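Below: one structure, written as structure tokens.
What you see is a predicted model, and the numbers here were worked out from it, not measured in a lab.
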Amino acid sequence: MYCTNFTYADDSSLEHGVMICSFNGSGGENINGGKAEITTVKAPNSNQWLKINAVYNEPLSFSFEICKNPHETIHANADFAFSPEEQVDIRRWLERKEFHYLSFDADGMEDIYFFSQIKVTEQISGNRIVGYRLEVLCDAPWGWSEERVAELFSKKKNGIETGVVQIFDASDEIGAVVPTVALTALSDGKVEIYNDSTSDSTIIKNCSAGEVITLKKPFRIESSMPHEHLADDFNWVFPRIQNTNLSNQNIFELENCTARLQWREPRKAVM
């Protein structure tokens, strides 16, 4: 990986005075996962195998190594070993229970974010810690794009608020993603958002004017107002944004609402 700076949990490696390096020529970058596993079966009385399943069985994982930034170390007239205080700072920054976004400052990696957890292992020389090996475990077989946001507004048609909006999915993976959606009811009654490309129709009945219904992963629904029978009024269809090998266009139709969509698209990086 030919870059010197990376960011994790919104903190840059430059802020901690470290850079990506390689100890003993190892280079890191042990990459696992991110590959579809295909199951086939031989057709009877035939020399042809048929695909019966294809799944991603492992999340993406990889590793790299870091050391002190030599430019800062030389100018500060210090050595390359990490002090006890710096060791605490590194672990506090990188070793967390939650997943956070990791990104690299390198050509071709500008729009790739790995939602990941990091395991930290010391690199020791002369009984002193001179660097760390970072083992990265991602939440998916790939990275993600920057967060996309789309504001969808409806217009009046035959006395009913309705509208049509196009969204284009530039994902590196053929399929669909489920965005976080905030629907705001324009008047009392039913609200609906329909994706002509997926034939998904999301319907919530008995909404109040100004009520904000939020749909989010892992398949949760919330309201900004008391909505006594919200679970029963929802048809439990979550909007999706999809692309196929022929089209990446999604046409949304809205009725009696506005919508704010937030999502990230799969990014298949070459590490």
Side-chain angles (χ1 to χ4, degrees), residues 1-23 26-37 55-69 82 86-123 129-149 169-180 216-220 241 243 261-271:
M1 186 180 300
Y2 299 99
C3 56
T4 58
N5 187 27
F6 64 96
T7 299
Y8 185 66
D10 296 328
D11 290 336
S12 171
S13 57
L14 293 181
E15 298 174 16
H16 296 270
V18 298
M19 61 174 285
I20 294 176
C21 66
S22 174
F23 290 98
S26 64
E29 304 178 23
N30 295 326
I31 303 172
N32 297 301
K35 298 179 178 63
E37 296 186 11
V55 295
Y56 292 99
N57 284 323
E58 291 183 325
L60 179 66
S61 63
F62 57 90
S63 63
F64 62 97
E65 296 165 332
I66 62 172
C67 64
K68 279 191 174 182
N69 188 325
F82 287 84
E86 291 168 332
Q87 295 171 36
V88 171
D89 179 53
I90 291 294
R91 288 194 173 277
R92 179 180 175 85
W93 169 38
L94 297 175
E95 213 165 48
R96 307 191 185 200
K97 299 183 181 72
E98 308 83 9
F99 278 63
H100 295 276
Y101 284 104
L102 168 69
S103 61
F104 296 96
D105 181 13
D107 292 341
M109 304 286 287
E110 295 85 355
D111 187 29
I112 303 175
Y113 298 82
F114 301 95
F115 197 51
S116 57
Q117 191 178 40
I118 296 177
K119 177 182 177 182
V120 178
T121 304
E122 298 89 349
Q123 300 292 303
I129 297 176
V130 296
Y132 293 90
R133 182 176 182 83
L134 308 185
E135 298 177 35
V136 181
L137 176 65
C138 301
D139 74 325
W142 44 66
W144 300 97
S145 70
E146 292 182 333
E147 186 175 69
R148 310 293 192 231
V149 178
D169 177 17
S171 170
D172 292 345
E173 171 76 2
I174 294 176
V177 295
V178 179
T180 296
K216 61 178 66 174
K217 295 183 291 185
F219 301 106
R220 293 165 48 196
I241 299 173
N243 73 92
L261 277 59
Q262 297 171 265
W263 73 100
R264 292 177 186 262
E265 299 162 349
R267 287 287 178 268
K268 295 182 177 180
V270 178
M271 300 299 298

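Using a 4.5 Å heavy-atom threshold, the side chains of Glu147 and Tyr101 count as separate. Side-chain contact between Leu60 and Trp142 is absent, with no heavy-atom pair separated by less than 4.5 Å. Side-chain contact between Leu137 and Pro59 is present, with heavy atoms from C-beta onward closer than 4.5 Å. Between Val18 and Asn69 the shortest side-chain heavy-atom distance does not fall below 4.5 Å. Taking the side chain as every heavy atom from C-beta outward, Leu102 and Thr7 never approach each other to under 4.5 Å. Within the 4.5 Å cutoff, the side chain of Tyr132 has no heavy atoms near those of the Ile118 side chain.
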Criterion side chain to side chain contact (heavy atoms under 4.5 Å, CB included) on His16 and Tyr8, from CA distance to verdict: CA-CA 11 Å; His16 296 270; Tyr8 185 66; over 6 Å; no

Could you walk me through whether Asn243 and Ile174 pass the side chain to side chain contact (heavy atoms under 4.5 Å, CB included) test, one step at a time? CA-CA 6 Å; Asn243 73 92; Ile174 294 176; 3.9 Å; yes

Could you walk me through whether Ser116 and His100 satisfy the side chain to side chain contact (heavy atoms under 4.5 Å, CB included) test, starting with their C-alpha distance in whole Å, then the side-chain angles of each, then the deciding distance to 0.1 Å, before giving a yes or no? CA-CA 5 Å; Ser116 57; His100 295 276; over 6 Å; no

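Ring planes of Phe6 and Phe104: tilted class, angle from 30 to 60°. Between Phe114 and Phe62, the angle of the ring planes goes over 60°, which puts this pair in the perpendicular group of the 30/60° scheme.
Panel note: side chain Asp111, backbone Glu146; a donor-acceptor pair is recorded below 3.5 Å. Side chain of Glu265 to backbone of Asp169: no donor-acceptor contact under 3.5 angstrom is found. The backbone N or O of Ser13 lies less than 3.5 Å from no partner atom in the side chain of Glu15, so there is not a single donor-acceptor pair. A distance-only check finds a donor-acceptor pair linking the side chain of Arg264 to the backbone of Ser145 [under 3.5 Å]. Judged by distance alone, the side chain of Gln117 and the main-chain N or O of Arg96 form a donor-acceptor pair under 3.5 Å.
Counting heavy atoms of neighbouring residues, nucleotides and ligands inside a 6.0 Å radius, atom CG of Asp10 does not exceed 12 of them. Within a 6.0 Å radius of CZ in Arg92, other residues, nucleotides and ligands contribute 12 heavy atoms or fewer.
To the nearest 0.5 angstrom, Asp105 atom CG is 12.0 Å from Met19 atom CE. The SG atom of Cys67 sits 7.0 Å away from the CZ atom of Phe82 when rounded to the nearest 0.5 Å. Ile20 CD1 to Asn5 CG: the interatomic distance, rounded to the nearest 0.5 Å, is 8.0 Å. Here the CG-CG distance, from Leu94 to Asp89, works out to 8.5 Å after rounding to the nearest 0.5 Å.
Pairing each heavy atom of Arg133 with each of Ser63, the nearest pair is NH2-OG, 2.8 Å. Here the closest non-hydrogen pair linking Asp172 and Lys268 is OD2-N, 3.0 Å.
A salt bridge is defined here as a Lys NZ or Arg NE, NH1 or NH2 lying under 4.0 Å from an Asp or Glu carboxylate O, and Glu122 with Arg91 meets this definition.
Judged as a salt bridge (Lys or Arg N to Asp or Glu O under 4.0 Å), and not counting sequence neighbours, the contacts of Lys216 are Glu222.
Defined by atom type and a distance below 3.5 Å, a donor-acceptor pair is present between the side-chain atoms of Trp144 and Asp139.
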